[in-house]
2 protein chains.
Amino acid sequence: MAAEQETVDGRRLRGERRRAQIIEATLAIVRRDGATGVTHRTVAKEAGITTSLTLYYFATLDDLLVAALTSVTDTYTHRIRRLMDTDEDPLDGLAHLIAESAGPGRERALAERELSTLAARRPALRPIARRWRDNVAELARTRSDDEDAIEALVALTDGLCTAILLDDHEADPDHIRALLGKTLFGDAP
Amino acid sequence: MAAEQETVDGRRLRGERRRAQIIEATLAIVRRDGATGVTHRTVAKEAGITTSLTLYYFATLDDLLVAALTSVTDTYTHRIRRLMDTDEDPLDGLAHLIAESAGPGRERALAERELSTLAARRPALRPIARRWRDNVAELARTRSDDEDAIEALVALTDGLCTAILLDDHEADPDHIRALLGKTLFGDAP
DNA sequence: CAATTAGTTGTACTATCGTACAAGTAGTAC
DNA sequence: GTACTACTTGTACGATAGTACAACTAATTG
């Protein structure tokens, strides 16, 4: 009844769409200019609306950043879950995902890094920011129950992304897959 | 002669001292409030001087950030070099350094992360930002010539620091040492 | 239909920022 | 001693930011 009530009210639906539009505009800004580029004015302009709207839906700048981090993290969560739900080698999928940081996924990976770094100074963001690592750990657990190896694999994925983003490090999926395998299994099966 | 000329001019010496003071104040701001807290005014206030002075020595905000990144990277470089110059187990020293990210070294580690992340959008900063990874790789090379293992170890150190900073992850030096050893040698010697 | 709720628009305030610029002080060279 | 150089102080401008607030429009409820 209450749940039905909520979806029926067209205003709320429109509000949700507007909210999503604003979050998308925020992410576009982060990807293009970095987290520091996010202001109510830049987001409003990107979304083609007034700042009053961004303020109506997100009372503070912080709210915008939190929503952006949540959104980008959701994206990664879906990606990794899909890797786990397939018959293919999940480590191979993960290697490809990491390798994307050098190409089509670079902006998104950098946005994730910049936004998640905010979590270090904001304990409230920790649960969101940790989800990437939790997701990778969960994926690793489908192939190993060695907790140390799993922990190392999670750290390795983080570190490889860092190298790619900050160093233009080599991003060959096969090479990355080998490193992941070595770390999780001791050899590289 | 020219070098001698430079150190004799008392004005230049004072300038260098002033410059170092400003960089130190910048780092204090980064550690306390993050890279976004760095403005000419906040730095000037922290150093007890006027913004005209910060501007005299660092024409742009960017110059300040670059100097701060260089400084914090120098600190880490010295630390790691010292680990290599000792008879002790360098991996053990590295593990302790990483573990510091959970305690006394947390602010510095976070500052390094925030500043080095700037390098992703500024190719000119890459050489500076990569030095941490180069240093760790060099340390690893004193113990292994397996380039894949070395690359994995570097990424692992990055990832472990991330987990500590963003997640309040466990930071037991012995545990970290074991992970480092496993990654570099296949076992944990 | 009136009242309430959700969304939208617009104005304006205070605060802070990066930076330009001029004037002054102090140290050095010739 | 003069000219030059390095450093220091102070003022002020234009721009942008976060945010408060009021008024209005549209949708929903009873």
Side-chain angles (χ1 to χ4, degrees), chain A residues 1-26 28-30 32-68 114 118 121-122, chain B residues 1-26 28-30 32-68 114 118 121-122:
Chain A
M1 189 59 96
E4 204 173 350
Q5 184 96 294
E6 272 193 293
T7 57
V8 165
D9 187 340
R11 295 173 306 181
R12 288 189 180 284
L13 197 57
R14 186 176 47 185
E16 284 167 22
R17 285 211 202 93
R18 178 71 76 188
R19 207 167 183 279
Q21 179 195 8
I22 293 169
I23 292 174
E24 194 47 50
T26 305
I29 299 279
V30 175
R32 197 180 63 215
D33 305 320
T36 56
V38 175
T39 69
H40 276 284
R41 286 175 164 88
T42 57
V43 171
K45 185 173 178 184
E46 179 73 27
I49 57 178
T50 63
T51 58
S52 301
L53 268 188
T54 64
L55 280 156
Y56 179 79
Y57 288 94
F58 300 92
T60 65
L61 199 54
D62 212 51
D63 292 343
L64 270 177
L65 293 170
V66 170
E114 288 178 335
L118 302 178
R121 296 184 186 275
R122 298 206 189 65
Chain B
M1 188 59 94
E4 204 174 349
Q5 184 95 293
E6 272 194 292
T7 56
V8 165
D9 188 338
R11 296 173 305 180
R12 287 189 184 280
L13 197 57
R14 189 174 47 184
E16 284 168 22
R17 286 212 200 90
R18 178 70 78 187
R19 208 168 182 277
Q21 180 195 7
I22 294 170
I23 291 172
E24 193 47 50
T26 305
I29 300 278
V30 175
R32 196 179 65 216
D33 303 320
T36 56
V38 175
T39 68
H40 277 284
R41 284 174 165 91
T42 57
V43 170
K45 185 173 179 185
E46 180 74 25
I49 58 177
T50 64
T51 58
S52 301
L53 267 187
T54 65
L55 278 158
Y56 179 78
Y57 287 93
F58 300 92
T60 65
L61 199 55
D62 212 49
D63 293 342
L64 269 177
L65 292 170
V66 170
E114 288 178 334
L118 301 178
R121 296 184 187 274
R122 296 198 186 70

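We name chains A, B, ... by the order of the sequence lines, and we start the count at 1 in each one.
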*Asks:* To the nearest angstrom, how far is A:Arg11 atom CZ from D:dC24 atom P?
*Replies:* 20 Å
*Asks:* Considering only side-chain heavy atoms of A:Thr39, which listed nucleotide, D:dT8, D:dG18, C:dG7, is closest?
*Replies:* D:dG18
*Asks:* The side chain of B:Thr42 is closest to which nucleotide in this list: C:dC17, C:dA6, D:dG10?
*Replies:* C:dC17
*Asks:* If you check the A:His40 side chain, which of D:dC7, D:dT19, C:dT19 turns out closest?
*Replies:* D:dT19
*Asks:* What integer distance in Å separates B:Glu16:CD from D:dA6:C1'?
*Replies:* 12 Å
*Asks:* List in numerical order all residues of residues 51-61 of chain A for which some heavy atom is under 4.0 Å away from an atom belonging to DNA chain C.
*Replies:*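 Result for residues 51-61 of chain A: A:Ser52, A:Leu53, A:Tyr56, A:Tyr57, sorted by number.
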*Asks:* Could you tell me if the side chain of B:Glu46 sits less than 4.5 Å from the side chain of B:Thr42, heavy atoms only?
*Replies:*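 A side-chain contact is absent here, since even the closest heavy-atom pair is not under 4.5 Å.
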*Asks:* Quickly work out the B:Arg14 CZ to D:dA6 C1' distance and round it to whole Å.
*Replies:*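 Between C1' of D:dA6 and CZ of B:Arg14: 8 Å.
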*Asks:* Taking atom P of C:dC17 as reference, at what distance in whole Å does atom CG of B:Leu64 sit?
*Replies:* 13 Å
*Asks:* Which heavy-atom pair separates A:Val38 from A:Leu61 by the least distance, and what is that distance?
*Replies:*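 Looking at all heavy atoms of both residues, the shortest contact is O-CD1, 3.4 Å.
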*Asks:* Is a donor on one side and an acceptor on the other found under 3.5 Å between the side chain of B:Arg121 and the backbone of A:Arg32?
*Replies:*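 Side chain of B:Arg121 to backbone of A:Arg32: a pair is present.
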*Asks:* Over how many whole Å does the gap from A:Arg41 atom CZ to C:dT11 atom C1' extend?
*Replies:* 11 Å
*Asks:* Could you give the CD1-to-C1' distance, from A:Ile29 to D:dA17, as a whole number of Å?
*Replies:*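 The answer, rounded to whole Å, is 14 Å.
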*Asks:* Between A:Glu114 and A:Ala35, which heavy-atom pair has the shortest distance, and what is it?
*Replies:*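 Heavy atoms of A:Glu114 and A:Ala35 come nearest at OE1-N, 3.2 Å.
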*Asks:* Any non-hydrogen side-chain atom of A:Glu24 less than 4.5 Å from a side-chain atom of A:Gln21?
*Replies:* no
*Asks:* A:Val43 and A:Ala25: which non-hydrogen atoms are nearest, and at how many Å?
*Replies:* O-CB, 3.9 Å
*Asks:* Just to confirm, is there a sub-4.0 Å distance from OP1 or OP2 of D:dT8 to any side-chain nitrogen or oxygen of B:Arg18?
*Replies:* yes
*Asks:* For A:Arg17 and D:dA27, give me the distance from atom CZ to atom C1', rounded to whole Å.
*Replies:*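 For the pair A:Arg17 CZ and D:dA27 C1', the rounded distance is 14 Å.
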*Asks:* In whole angstrom, give the distance that lies between atom CD1 of B:Ile49 and atom P of D:dC7.
*Replies:* 13 Å
*Asks:* Scan side-chain atoms only and decide if B:Thr51 and B:His40 contain a donor-acceptor pair under the 3.5 Å cut-off.
*Replies:*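 Their side chains do not contain a donor-acceptor pair, so the 3.5 Å distance test is not met.
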